[in-house]
Trainee: 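Quick one: the structure is below, questions incoming.
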Amino acid sequence: MEHYDVVVVGAGTAGAYTAYNLAKLGFKTALLESKYGEMVGVKTCGDALGKHHVDRMSRYLTPNPNIFVNDIKGVELFSPDLRTKYVIKGEGYMLDRFNWGKWLVREAVNAGAAFYEGTTATAPIIEGGSVVGVRANDARQGTAKEFRAKVVVDASGSVGVVRTKLPDTWPISERLHPEDVSHAYREVFYIDGSVEAPNYIKIYLDQQISPGGYWWAFPYSEGFLNVGLGVWGILKINPRANYVKYLEPRYKIRNKVHMGGGFIPTRRPLKSLVGNGILAVGDAAAAVNPLHGGGIGQALLTGELASKAIKRAFEIGKFDVETLWQYNLDYMREWGYRQAQLDVVRLMLQTLDNDDLNFGLSRKLLTEEDVLDISSHGVTLSVVDKMRLALQFVGRPGLLMKLYNAMQYAKRIGDLYLQYPQSPSGLSRWHEQVMEAYREFREKIGLGPMPA
Ligand SMILES: Cc1cc2nc3c(=O)[nH]c(=O)nc-3n(C[C@H](O)[C@H](O)[C@H](O)COP(=O)(O)OP(=O)(O)OC[C@H]3O[C@@H](n4cnc5c(N)ncnc54)[C@H](O)[C@@H]3O)c2cc1C
């Protein structure tokens with residue numbers, strides 16, 4: 001049996017960064033990871049990251065400059081008929097993703113974390129109503145082990161392997177519905193020739209190729225690309241099949257470097273990111289931008305905020321849900337309310353067909369500036385007002401009404417997340433208000449009842 005202050009399960013971006021922060025603060029930290037050897041840090045991803053996330057991380061950890069392989073100036077967003085292109089400015093990077101992953105694990109180890117590679121957590125250990133550790137298997141040696149700690153951090157990615165094995169009565173155990181996830185597939189390859197504007201990542205809306213999602217081409221350079229697509233989980237479509245059918249034929253591929261898929265939680269924040277003796281970070285906490293599925297930045301953010309909450313818990317000497325609750329409050333205020341806003345917009349977009357998208361983008365119902373504003377500041381009253389005004393002037397009242405409702409409910413639901421309860425005792429009442437607002441919104445856009 002191993003004893004630590006904190007056990008972090010999963011050494012992806014969220015887990016490695018959390019372990020780095022905790023080890024640097026002087027906590028005896030174990031970092032458990034199923035993968036081993038060269039596979040550590042390998043992640044199927046689009047590999048694009050906004051500069052503001054890197055700037056924030058730099059307050060705690062100096063980024064390794066070799067990891068940024070392409071300076072991105074913004075996003076080109078295409079309508080399904082390719083007749084309309086939005087150019088949305090915003091700085092970012094394409095990452096050398098596998099080296100990013102390995103670098104973060106190295107930093108955690110250099111800061112003092114004990115790294116257990118090839119070690120798969122199988123279940124939480126619960127005693128006296130609190131998580132006090134995890135059971136794990138060492139696949140290479142065929143041995144079972146217990147890791148005991150004051151706090152466990154679930155950083156196991158979208159499976160949330162620890163939190164989902166907690167009793168249903170724990171709000172952190174909330175399962176992901178197929179409506180709440182996107183299935184994605186992507187390949188990384190060199191092409192003959194070059195793409196236009198290699199400093200812009202390209203996003204294509206097309207409900208035939210990527211129903212309920214989008215397809216992308218993210219350049220590492222003019223001749224080296226990350227191309228993939230995401231589809232709405234509830235539709236049960238195999239994204240790889242659509243990739244092979246629609247995307248592969250578009251490129252003169254010279255050689256493939258990596259292929260793979262995964263699923264991404266694209267939903268509102270979990271009801272709670274904490275329980276007695278446990279916190280969830282990154283994909284395990286469903287901390288992702290539900291509109292585009294980007295979650296590397298949120299993995300860093302949750303790693304930072306969770307570490308602060310854990311530090312505070314050690315100062316107080318208590319590790320119960322009330323003490324760890326501050327993490328919920330910090331997360332909802334920093335990002336969770338915008339995640340909820342974008343989730344509302346995501347649900348509305350998933351009800352549109354290519355015709356609606358072509359019309360909406362060509363008429364600039366939302367302009368490039370609006371999109372930038374929403375992504376930087378969330379849905380504000382001025383966007384809602386603008387939609388209300390547009391209702392009077394533009395054709396397609398049904399589409400406009402959906403857009404208006406989405407903006408209105410995004411604002412309302414985001415505001416509810418800003419009023420997230422100060423303690424666990426207020427959670428049920430607050431959550432019922434959120435569900436009521438979602439139910440109303442779904443009815444207005446014809447989406448049917450909340451999935452059970
Ligand atoms: C196809 C695709 C494209 C994407 N594109 C982008 C993009 O361009 N930009 C962006 O920002 N985000 C993107 N994302 C999302 C982003 O990759 C994730 O949000 C982010 O990597 C989450 O990091 P994480 O550390 O929470 O999870 P992960 O990176 O999934 O790490 C979880 C780790 O836990 C380990 N693990 C799992 N179970 C156990 C266990 N039982 N015991 C021990 N270890 C375990 C796993 O091996 C893994 O290493 C994409 C995702 C996919 C699938």
Side-chain angles (χ1 to χ4, degrees), residues 7-19 30-36 39-50 53-54 72 75 92-95 97-98 100-102 104-105 115-124 134-139 145 147 152-165 181-188 201 203 210 213-218 220 226-231 239-240 243 258-266 280-303 306:
V7 170
V8 181
V9 175
T13 300
Y17 190 56
T18 306
L31 178 60
L32 276 47
E33 170 57 49
S34 300
K35 294 174 187 149
Y36 54 89
M39 289 311 287
V40 170
V42 171
K43 166 80 184 172
T44 297
C45 186
D47 305 348
L49 181 62
H53 294 301
V54 177
I72 297 299
V75 182
Y93 305 100
M94 284 301 287
L95 302 177
R97 188 69 161 83
F98 300 163
W100 161 274
K102 290 183 200 324
L104 275 176
V105 173
F115 184 46
Y116 292 85
E117 57 183 312
T119 303
T120 299
T122 51
V134 291
R135 293 197 175 78
N137 286 329
D138 183 326
K145 233 185 201 171
F147 289 84
V152 169
V153 178
D154 189 348
S156 61
S158 39
V159 282
V161 77
V162 187
R163 70 165 191 86
T164 56
K165 287 187 176 151
V181 300
S182 293
H183 295 261
Y185 178 81
R186 70 97 181 88
E187 296 194 355
V188 175
I201 59 171
I203 288 184
S210 45
Y214 63 89
W215 73 270
W216 72 82
F218 293 173
Y220 301 101
N226 182 313
V227 176
L229 73 156
V231 298
R240 186 175 179 277
Y243 177 90
H258 196 265
M259 295 158 264
F263 78 95
I264 313 168
T266 39
V281 292
D283 280 10
V288 169
N289 181 322
L291 204 51
H292 59 53
I296 306 173
Q298 282 71 18
L300 295 171
L301 175 70
T302 49

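As the structure lists them, so they are numbered: ligands from 1, and atoms in each ligand from 1. Note that these values count all heavy atoms, side chains included, but never hydrogens, waters or copies made by symmetry.
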Trainee: Please indicate whether any nitrogen or oxygen in A14 is less than 3.5 Å from any nitrogen or oxygen in ligand 1.
Mentor: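 Right, the criterion is met.
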
Trainee: Which protein non-hydrogen atom lies closest to atom 37 (C) of ligand 1, naming both residue and atom, and how far is it?
Mentor: S156 O, 3.3 Å

Trainee: For atom 1 (C) of ligand 1, what is the closest protein heavy atom, and at what distance to 0.1 Å?
Mentor: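 That would be A184 CB, 3.5 Å.
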
Trainee: Does the residue Y17 have a heavy-atom contact with ligand 1, meaning some pair of atoms that are separated by less than 4.0 Å?
Mentor: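 No, Y17 has no heavy atoms under 4.0 Å from ligand 1.
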
Trainee: Atom 34 (O) of ligand 1: which protein heavy atom is closest, and how many Å away?
Mentor: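 Minimum-distance protein heavy atom for atom 34 (O) of ligand 1 reads G10 CA, 3.2 Å.
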
Trainee: Would the distance check show the side chain of R163 and the main-chain N or O of A285 forming a donor-acceptor pair, the cut-off being under 3.5 Å?
Mentor: no

Trainee: Write out the residue and atom name of the closest protein heavy atom to atom 19 (O) of ligand 1, then the distance separating them to 0.1 Å.
Mentor: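 That would be D283 OD1, 2.6 Å.
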
Trainee: Is the shortest side-chain heavy-atom distance between V281 and D154 below 4.5 Å?
Mentor: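 Side-chain contact under 4.5 Å: no.
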
Trainee: T13: what forms a side chain to side chain donor-acceptor pair (under 3.5 Å) with it, not counting sequence neighbours?
Mentor: W100

Trainee: Any N or O of T120 that comes nearer than 3.5 Å to an N or O of ligand 1?
Mentor: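 For ligand 1, there is no N or O atom that lies under 3.5 Å from one belonging to T120.
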
Trainee: Run the numbers for me: atoms of ligand 1, each under 4.0 Å from some heavy atom of G12, listed by number.
Mentor: 25 (O), 29 (O), 31 (O), 33 (C), 49 (O)

Trainee: With atom 52 (C) of ligand 1 as the reference point, say which of L300, L49, T44, L104 has the nearest heavy atom.
Mentor: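 That would be T44.
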
Trainee: At less than 4.0 angstrom from any non-hydrogen atom of F218, what atoms of ligand 1 do you find?
Mentor: 8 (O)

Trainee: Just go through A123, G295, A121 and tell me whose heavy atom is the nearest to atom 10 (C) of ligand 1.
Mentor: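 Checking each option, the heavy atom nearest atom 10 (C) of ligand 1 is found in G295.
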
Trainee: Could you tell me which atoms of ligand 1, counted from 1 in the order shown, lie closer than 4.0 angstrom to a heavy atom of G293?
Mentor: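 Near G293, meaning under 4.0 Å from one of its heavy atoms, ligand 1 has 12 (N), 13 (C), 14 (N), 15 (C).
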
Trainee: Under a 4.5 Å cut-off applied to non-hydrogen side-chain atoms, are Q298 and H53 in contact?
Mentor: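 Yes, their side chains come closer than 4.5 Å.
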
Trainee: What residue and atom, counting heavy atoms only, is the protein's closest point to atom 51 (C) of ligand 1, and at what distance?
Mentor: I264 CD1, 3.5 Å

Trainee: Below 3.5 angstrom, do we get any N/O pair linking W216 and ligand 1?
Mentor: no

Trainee: Got the closest protein heavy atom to atom 6 (C) of ligand 1, with its distance?
Mentor: C45 SG, 3.3 Å

Trainee: Under 3.5 Å between some N or O of ligand 1 and some N or O of S34?
Mentor: yes

Trainee: Answer yes or no: is there a donor N or O on one side and an acceptor on the other, between the side chain of N137 and the main chain of A139, under 3.5 Å?
Mentor: no

Trainee: Quick test: of every protein heavy atom, which one is nearest to atom 28 (P) of ligand 1, and how far off is it to 0.1 Å?
Mentor: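 Result: K43 NZ, 3.8 Å.
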
Trainee: Ignoring angles and geometry beyond distance, decide whether V159 reaches within less than 3.5 Å of ligand 1 through its nitrogen or oxygen atoms.
Mentor: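 No, V159 has no N/O under 3.5 Å of an N/O on ligand 1.
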
Trainee: Which ligand 1 atoms does V9 reach within 4.0 Å, using its non-hydrogen atoms?
Mentor: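 Those atoms are 42 (N), 43 (C).
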
Trainee: What do we get for R97 next to ligand 1 when only non-hydrogen atoms under 4.0 Å count, side chain, backbone, both or neither?
Mentor: side chain

Trainee: Does any non-hydrogen side-chain atom of T164 lie less than 4.5 Å from one of V159?
Mentor: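 In short, these two side chains do not touch, never coming nearer than 4.5 Å.
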
Trainee: Using a strict cut-off of 4.0 Å, indicate which atoms of ligand 1 neighbour a heavy atom of G157.
Mentor: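 Once the distances to G157 are compared, the set is 27 (O), 30 (O), 32 (C).
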
Trainee: How does A155 reach ligand 1, by side chain, by backbone, by both or by neither, if only non-hydrogen atoms under 4.0 Å count?
Mentor: backbone

Trainee: I need the I201 CD1 to D47 CG distance, nearest 0.5 Å.
Mentor: 11.0 Å

Trainee: Of I264, V231, L229, which meets side-chain contact (heavy atoms from CB on, under 4.5 Å) against H183?
Mentor: V231

Trainee: Show which atoms of ligand 1 fall inside a sub-4.0 Å distance from at least one heavy-atom site of G282.
Mentor: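 Counting atoms of ligand 1 from 1, those under 4.0 Å from G282 are 26 (O).
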
Trainee: Heavy-atom distances under 4.0 Å decide this one: backbone, side chain, both or neither, for I296 against ligand 1?
Mentor: both

Trainee: Looking at side-chain heavy atoms only, is the closest gap between I72 and M94 below 4.5 Å?
Mentor: yes

Trainee: Kindly indicate whether the side chain of E33, heavy atoms from C-beta on, has any atom under 4.5 Å from the side chain of V105.
Mentor: no

Trainee: Checking S158 side chain against F263 main chain: does a donor-acceptor pair fall under 3.5 Å?
Mentor: yes

Trainee: Among protein heavy atoms, which sits nearest to atom 5 (N) of ligand 1, and what does the distance come to when rounded to 0.1 Å?
Mentor: G46 N, 2.7 Å

Trainee: Short list, please: which atoms of ligand 1 are under 4.0 Å from a heavy atom of A48?
Mentor: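 Reading through ligand 1 atom by atom, the close ones are 7 (C), 8 (O), 9 (N), 10 (C), 11 (O).
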
Trainee: Check whether any heavy atom of T13 sits under 4.0 Å from an atom of ligand 1.
Mentor: yes

Trainee: Does ligand 1 have any atom sitting under 4.0 Å from a heavy atom of T119?
Mentor: yes

Trainee: Can you name the ring-ring contact (aromatic ring centres under 6.0 Å, His included) partners of Y116, sequence neighbours left out?
Mentor: F147

Trainee: Quick one: NZ on K145 to CG on L32, what's the gap to the nearest 0.5 Å?
Mentor: 8.5 Å

Trainee: Counting only N and O atoms by type, is there a donor-acceptor contact under 3.5 Å from the side chain of R186 to the main-chain atoms of C45?
Mentor: yes

Trainee: With heavy-atom distances below 4.5 Å as the criterion, would you say the side chains of R97 and K43 are in contact?
Mentor: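 Sidechains of K43 and R97: in contact.
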
Trainee: Evaluate A284 for polar contact with ligand 1, using N/O atom pairs at a separation under 3.5 Å.
Mentor: no

Trainee: Centroid separation under 6.0 Å, is that true for the rings of H292 and Y214?
Mentor: no

Trainee: Taking heavy atoms and a distance under 4.0 Å, where does E33 meet ligand 1: side chain, backbone, both or neither?
Mentor: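 Both parts.
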
Trainee: Less than 4.5 Å apart, any side-chain heavy atom of D283 and any of V288?
Mentor: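 Yes, at least one pair of side-chain atoms sits under 4.5 Å.
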
Trainee: Under 3.5 Å between some N or O of ligand 1 and some N or O of V288?
Mentor: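 Not met; the criterion fails.
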
Trainee: Taking both backbone and side-chain atoms of D47, is any N or O found less than 3.5 Å from an N or O belonging to ligand 1?
Mentor: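 The answer is yes, given that D47 and ligand 1 share an N or O pair closer than 3.5 Å.
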
Trainee: When you compare the side chain of T44 with that of Y185, does any pair of heavy atoms fall below 4.5 Å?
Mentor: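 Heavy-atom side-chain distance check fails, nothing below 4.5 Å.
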
